Structures are given as structure tokens and as C-alpha cells.
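In what follows, a single structure is set out as C-alpha cells and then discussed.
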Amino acid sequence: MTRFSIFSLARNALSGHANWPAYWRSPEPKRGYDVVIIGGGGHGLATAYYLAKVHKVTNVAVLERGWLGGGNTGRNTTICRSNYLYDESAALYDHAMQLWEGLSAELNYNVMFSQRGVLMLAHNTHDLQIARRTVHANRLNGVDNELLTAEEAKAFCPQLNLSKDIRYPVMGAALQRRGGTARHDAVAWGYARGADRLGVDIIQNCEVTGIRVEGGRAVGVETSRGYIAAGRIGCVAAGHSSVVAGMAGIELPLESFPLQALVSEPVKPAFPCVVMSNTIHAYISQSDKGELVIGAGTDQYISYAQRGGMQIIEHTLEAILELFPIFSRMRMLRSWAGIVDVTPDRSPIIGRTPVDNFFINCGWGTGGFKATPGSGHVFAHTLAHGEPHPINAPFTLDRFVNGRLIDEAAAAAVAH
Amino acid sequence: MLLITCPHCGPRAETEFRNGGEAGIVRPRDPAALSDGAWTGYVFTRQNPKGRFHERWCHAQGCGRWFTAVRDTVTDRFLSFHPAGEQPDEAGR
């Protein structure tokens, strides 16, 4: 496999870019693997990469029903931040942030990680109090976050409308300067390329149709391409986690909702950062391609349809236009939905299940992309050792029984 | 947007309704007698089927009454609507 560098670029330029090798092989599935990962999105591929890289477990397959990164990895709004309130969450999401910061070099693949800053707006006294509390909690956990006045927020994001005449005037903001965006497809492709180089088999168009459980132990998966034996199984199936876990007889505290996003026509650079507002529900950034990337809310009913209601999009655009009247003439180009698996406390479940050798990494809900590297890193540890990494130890399935919830419902701007 | 048929008011826009999640959840008669696991099942564990689903809706901006709908979560197509107290056909659930 070619290592990307200025020299490989020059060499391939001389041959008209006709000889770039494939990023990964397309192997036939073997009869068995030490670890089988169900789901070829960012989290699953990152898990495979760190299994091979950190834990030297290379007899690994990633099974993907469709194509790599075709689910929520390719449908989110690519925001990366780690300003979560509780200690457990701050540790998990900042673990991811630290990995993001070195990821392009680590993978020898440009994931276009851009720490342009994430601004979270406050529109009333309560918002300001919560923002102040979150900023203090973050700083105690070593996570950068600072409180800005409305004027300081406008200095950081000049497009912001500070008019007192809008329904929810901006009164201040919290700014995480290390936050930003990354290119979602590149994250999946970079991890896939890295994992493949280390010997992981990436098998696309391979749908898992059953989990074979013998005596309380998972021993393999039935797939559309035949039975594959597995020492351990990691289920990283996002919105379909309930469906896959159900094949092993496990009920999860998850509900799957459509979450919509949309992009505008591409324009020249017009927006410097990421802006989120929990109160009026809006988030917006501009991709490197020039499109405004806008996140909408979830629909109120569970669904696997990967589409949502127009009123949800309207609601978000109303909020965006109050905050940024500059965009009132922008035309929207595309909208879509991904199916997000939401837990009762809005924190993920990463760890063991009642079935031995069957592990889950699910429940990322409306905000999983930001955690992709950290999620893969700790889940690889969990799969390699059969025990959670200290960072994901609190994120057990058991917490819904023993009551040690990690209630991050306020951390997501997404209305649910 | 879904078009939802309230059993009392007829077809109306989804924005008039509030979804109440899985239908038919019964509060345990004696919660203190339950194990933590069984209580978890009541409080947190929900059906999340890919396919036919029995769910509660409230016609919040209409008659205000709760009712049960059967919907396919893959197509989002409603299969039937039932006023409170009427049991949908359990077959195929």
C-alpha cells in the first residue's frame, strides 16, 4: 500500500494519477475470526484499527451491510467537541478529542480536522447559568471551554445577529476553541485504510442475519455471505443496534429515531466556526466544500425510514434565520435523515452484555461522530481484554439496573 | 409529516399530536416486590422493532385524548388506529 507523501503525490502526478492503489482489499470472508465487528461505520472501523494497532489483534473482520460509512457516519453534521458536563462524559469525549488532534498523522490520511471553535449560545438567564456551570465543570476536568459575552461571541462569529428584537436574543455563549469539524467520509476511509493495512478484513455488502449463541456464549454470526465463526463479537450498529442485539436475545434500552440534516448550495467561505443553540435548536457550520451544514432535530416517533418530517427542518431553519439573517436567501440543496439510537440518559452503552463474547457499542444517539476515535479506542480495549477500559467502565448496560445513570440530556443541542 | 387518523376527530396533521412511545406498558401492581432488573424493564426497556409497532399518540391540539396506533417503522405507514381501551390485534406484533 502506498504511503501518502509529497513524493508519492509527485510520482503519481507524473503517471497521470492512474496508478493509485485501492485503499483497502475486498476479501472473501474467512470461516472464522478472533473478532468480528458488526457495522462498518466510523466507530466500527476505528475499533478494528485500534484492535490491530494497539492490541495486535489482527485476525479481525468488519462486516458492513451496505458500504463503508454509508449510515450515520456519512449523515451527521461532522461536529467535534468534548464540552460535556459530567466527569465520565468529559473523560470519554475528551479522549476522543485528543485522538482527533493527531488523527491525520496517525492514519497518514487527511481527515480535514479543523479546530475552528464551537460556540454554544445562551438566550436567557437559565442558559447563562447552565453555560457557566458547564464551563466550570469542563475546566475542572481539563477540557477547554470559556464563557463569552454576546459582544465577544459576535467578535468570534461576526455573522451573529445580536438584535434585541428577535424572539430569543443572544445573551452570551460558551466557546470551546478546540472544537470544530472533520470530514466524515475521510474518517471512515482513513480508519478502513489503516485497518486493512494491518490485516483486518473489511467485508462490505455482508448483512448479519443472525447471532449464533451456544450455552450463553456467542460463537459466530450468520450473514448474507454465510456463517462466520467469531471468538468475540462487537456490535457497532448504531440505529440498528436493537435489531442486531435482538438476534442474540438481548433487549436494549434504546429507541431509534430519524435525525435530519441538510446542506445549502456551496458558497465561498462565509462562516468561521460552528454555532449551536440548545434553546432554539439550531446548529450550523460551513463545510470545506462551501455548503452550510445544518443539523435539525429528531422526529418524535421511532422509525427506521431514514427520512423525517419537513416541519422539523422548518423549525431549525426558522431558528437559523433569526440568528443569521445573512443566510435568508440561501437555497438548500439536500436533506436526509439518519437513524439514531437514543438511550434514556443520552449517554452511550459500551461494554459487555448478558451474552458472553457479545459486546456492544451503541446508544450514541444524536452525537456519536465527535466520539469516533475515542469510542473505537476504548471499545478495541474492551474487545481485546474482555473487560472495559477505565474510560468506558461507567458506560455499562448495567447502569440502567443499578441507577448510576450519566444524564447528558442537556449536552445535546438536538431536541428530543 | 405523518397524516394521523385520530379515532375521534379523523385525519389530522402530525403537528397536532404528541407521540407517547410504546403502547400497552402496564405499571407493575407492586413495584416494591420487583427485582431491579424487572423494574428496569418497566422503566427503561422499550420495544424498538424494525417493522410493526404498537404506539400511543395523544391528540394534544385536538380532542386531547390518547389512542393507540399500529405503524410499520420501516415505511412509517399506519396500519390501524384504536381508541383507548380497544386492543389492537396482537398478531404480527
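Quick note on labels: first sequence line is chain A, next is B, and so on, each numbered from 1. Please read all numbers here as calculations on a predicted model, not as lab measurements.
Once rounded to the nearest 0.5 Å, the distance linking CD of A/Gln300 with OG1 of B/Thr15 reads 9.0 Å. With rounding to the nearest 0.5 Å, the separation of CG in B/Leu2 from CG in A/Asp299 is 7.5 Å. In this structure, the separation between OG1 on B/Thr45 and CZ on A/Phe400 is 9.0 Å, given to the nearest 0.5 Å.
Contact annotation: the side chain of B/Met1 never approaches that of A/Met310 to less than 4.5 Å [non-hydrogen atoms, C-beta and beyond]. A/Leu252 is not listed as a side-chain neighbour of B/Phe44, based on a closest heavy-atom distance of 4.5 Å or more.
In the displayed structure, A/Glu251 atom CD is contacted under 6.0 Å by at most 12 heavy atoms of other residues, nucleotides or ligands. Surrounding CZ of B/Arg77 are at most 12 heavy atoms belonging to other residues, nucleotides or ligands under 6.0 Å away.
B/Val74 and A/Arg307 get closest at one heavy-atom pair: O-NH2, 4.5 Å. Considering every non-hydrogen atom in both B/Asn48 and A/Tyr304, the closest pair reads O-OH, 2.6 Å.
If you tally non-hydrogen atom pairs under 4.5 Å between each of A/Gly309, A/Gly246, A/Ser242, A/Gly308 and chain B, the highest count goes to A/Ser242. When the candidates A/Ser241, A/Ser256, A/Pro258 are compared by the number of heavy-atom contacts under 4.5 Å with chain B, A/Ser256 comes out ahead.
Heavy atoms closer than 4.5 Å to chain B are found nowhere in A/Ile339, neither backbone nor side chain. In this structure, chain B has heavy atoms under 4.5 Å from both the backbone and the side chain of A/Val401. Contact of A/Leu397 with chain B is not made at all, since no heavy-atom distance falls under 4.5 Å. Within the 4.5 angstrom heavy-atom criterion, only side-chain atoms of B/Trp57, from C-beta onward, approach chain A.
For A/Phe369, the ring-ring contact (aromatic ring centres under 6.0 Å, His included) partners at least two apart in sequence or on another chain are A/Trp100. The ring-ring contact (aromatic ring centres under 6.0 Å, His included) test applied to A/Tyr227 returns no partner, not counting sequence neighbours.
In this structure, the side chain of A/Gln311 does not engage the main chain of B/Glu14 through any donor-acceptor pair within 3.5 Å. For the pair B/Arg71 (side chain) and A/Ile302 (backbone), a donor-acceptor distance under 3.5 Å is present.
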